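None of these values were measured; they are calculated from a predicted model. Basis for what follows: all heavy atoms, side chains included, without hydrogens, waters or symmetry-related copies. Chain identifiers are assigned alphabetically (A, B, ...) following the order of the sequence lines, protein sequences preceding nucleic acid strands; residue numbering begins at 1 within each chain.
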There are 2 protein chains.
Amino acid sequence: MVEVAATRRSQPERREEMRRRLVAATLDALADHGHAGASLSVILDKAGVSRGAWAHHFDTKAEMLALAAEGLLREAVASAGTLSPAILPPGDGPAALGALLEQAWARFYEGRHRDLLFEVALAARTDAELKQRLAPIFSDFITAVGQSWGLALRPRPGAGAALADLMVLTVYMLRGMAMQELAAGPSPDHARLRALWAGLLAAQISC
Amino acid sequence: MVEVAATRRSQPERREEMRRRLVAATLDALADHGHAGASLSVILDKAGVSRGAWAHHFDTKAEMLALAAEGLLREAVASAGTLSPAILPPGDGPAALGALLEQAWARFYEGRHRDLLFEVALAARTDAELKQRLAPIFSDFITAVGQSWGLALRPRPGAGAALADLMVLTVYMLRGMAMQELAAGPSPDHARLRALWAGLLAAQISC
DNA sequence: GTAAAAACAAACCAATCAGTCTGTTTTATA
DNA sequence: TATAAAACAGACTGATTGGTTTGTTTTTAC
């Protein structure tokens, strides 16, 4: 009889991995079924975790959801801070700005990440506790975009708009476009519209 | 004993009014509690309608929700078509465009209407049947904005961007801003940012 | 090695979910 | 005015919800 060596793990290891699995499964359930469909049973199935084990690590579903949402948004804030400087090709304005837009689009406003962002924002709307925890992170995201994307950019001499403001407007536009794709499906026009936006920005920004 | 004269109503009247009440209550519940919290019981409480009466008029909650969402969006499409021409003050560009933006903002992207728009869009994401019914209306909205807002506007001679595209970008920007307010609360910067965008538009558009 | 604590499993619970069933009231038809 | 049909009310149903309870396995501390 072969005895499979039960991988012995310390309790901190166990605890951390279990909580990580549960939080990940919460986001998976949110992405797959939306806030309304992400029941505890669905989440636990995805995590492969029993109800009893779950209860040992979290008091309520709301607490677990809040933790998952906070993690998602904090990562987005951190990611926003590292977006622009590295990827901007030097020289020609519209193309470089276009590349920045495409990076932001792909990172935040397509696919699963976009879906989660919207699900979490909407969930917070009607849940005071969740809203209180998430609202400041949403604000941080905009602040991060405004402050850090401008690092590799310079306003053109005669430009009437501050760099930070232009970057915030850009993010808002991408978000609205993302919502359109979420609701109506992807549109072939959108890549062209992003390039058009980059061109308008280039009149204000040099890089 | 006073006999209150029971207001006699025809069956078509009854039917129509009951369905109208139920659809209105569905939107109220959606606005107040979100998709996840808008249970049939909540909706029926708001409507003041019994379960039996409801069942006589709708087969499923999903069907009623779809009808409510369709109505909401079709009204928005119609409203988008009548937005610009009447309200634009003639003459000076940035101010007129600013007024257009503020109109659009107030009509679509503030308060209850904004909340419902987002709730409905997100609900459709994970509900294939609902998505199939709503997606074309979301597309119609963008088409309507692109086509009709340009009626009172003219591109400036040297402008590189089509009017319709600029209007669509504008709506996307407003939407993204709306989502920020939904998630993080209203921001005093946003009115300024809208005016800033109106100024940038004025470089491309004369009116 | 042994006792305590942490981790885990699964049966269980009251409340609520969407939807149905049965019977009553109101309107329409003849 | 009698009969049928539509409108309505409220009790009821099985499934599912978030959460609890009881008992077992694994890790830790002595």
**Item:** Side-chain touch A:W54/A:I43, heavy atoms, less than 4.5 angstrom
**Value:** no

**Prompt:** Taking atom C1' of D:dT26 as reference, at what distance in whole Å does atom CD of A:E17 sit?
**Reply:** 15 Å

**Prompt:** Quick one: is D:dC8 close enough that its OP1 or OP2 comes under 4.0 Å of any side-chain N or O from B:H57?
**Reply:** yes

**Prompt:** When you check the phosphate oxygens OP1 and OP2 of C:dA7, does a side-chain N or O of A:H56 lie under 4.0 Å from one of them?
**Reply:** yes

**Fill in**
Sorted by position of nearest nucleotide on DNA chain C, 5' first, the leading residue of B:A38 and A:M18 is A:M18

**Prompt:** Is there a residue in residues 63-70 of chain A whose heavy atoms reach under 4.0 Å of DNA chain C, and which residues are they?
**Reply:** none

Just list the side-chain donor-acceptor pairs under 3.5 Å for residues 30-42 of chain B, sequence neighbours left out, or say none.
from: B:D32; atom 1: OD2; to: B:K46; atom 2: NZ; distance (Å): 2.5
from: B:S39; atom 1: OG; to: B:V42; atom 2: N; distance (Å): 3.3

**Prompt:** Looking at B:H190 versus A:Y172, is the centre-to-centre ring distance below 6.0 Å?
**Reply:** yes

**Item:** Separation of C:dC8 P from A:R21 CZ (nearest whole Å)
**Value:** 8 Å

**Message:** Are the side chains of A:F118 and B:R125 in contact, using a 4.5 Å heavy-atom criterion?
**Reply:** no

**Item:** Modelled atom types, side-chain donor and acceptor of A:R107 and A:H113, under 3.5 Å
**Value:** no

**Prompt:** Choosing from C:dC8, C:dA28, D:dA7, which nucleotide comes nearest the side chain of A:S50?
**Reply:** C:dC8

**Prompt:** Is the NZ or CZ atom of B:R19 both under 6.0 Å from the centre of the six-membered ring of B:F58 and within 45° of that ring's axis?
**Reply:** yes

**d(CD1, B:I43; P, C:dT16) in whole Å** = 17 Å

**Asked** In whole Å, what is the span from the CZ atom of B:R19 to the P atom of D:dA6?
**Response** 15 Å

**Request:** Kindly say whether A:F138 contributes a backbone atom to a donor-acceptor pair with the side chain of B:Q180 at under 3.5 angstrom?
**Result:** yes

**Request:** State whether B:R112 and B:D115 are salt-bridged, where the test is any N-O pair (Lys NZ or Arg NE/NH1/NH2 against Asp/Glu carboxylate O) under 4.0 Å.
**Result:** no

**Message:** Please report whether the ring centroid of B:W197 lies less than 6.0 Å from that of A:W197.
**Reply:** yes

**Request:** May I ask you to evaluate whether A:S39 reaches the phosphate of D:dT17, defined as a side-chain N or O under 4.0 Å from OP1 or OP2?
**Result:** yes

**Request:** In whole angstrom, give the distance that lies between atom CG of A:L44 and atom P of C:dC8.
**Result:** 13 Å

**Prompt:** Which nucleotide in the set C:dC8, D:dC8, C:dC17 lies at the smallest distance from any side-chain heavy atom of A:R14?
**Reply:** C:dC8

**Message:** Output the rounded distance in Å from CD (A:E16) to P (C:dA6).
**Reply:** 17 Å

**Asked** Is the phosphate of C:dA7, meaning OP1 or OP2, less than 4.0 Å from a side-chain N or O of A:R15?
**Response** yes

What pairs of nitrogen or oxygen atoms, one from the protein and one from nucleotides 19-22 of chain C, lie under 3.5 Å apart?
from: C:dG19; atom 1: OP2; to: B:K61; atom 2: N; distance (Å): 2.8
from: C:dG19; atom 1: N7; to: B:R51; atom 2: NE; distance (Å): 3.0
from: C:dG19; atom 1: N7; to: B:R51; atom 2: NH2; distance (Å): 3.3
from: C:dG19; atom 1: O6; to: B:R51; atom 2: NE; distance (Å): 2.5

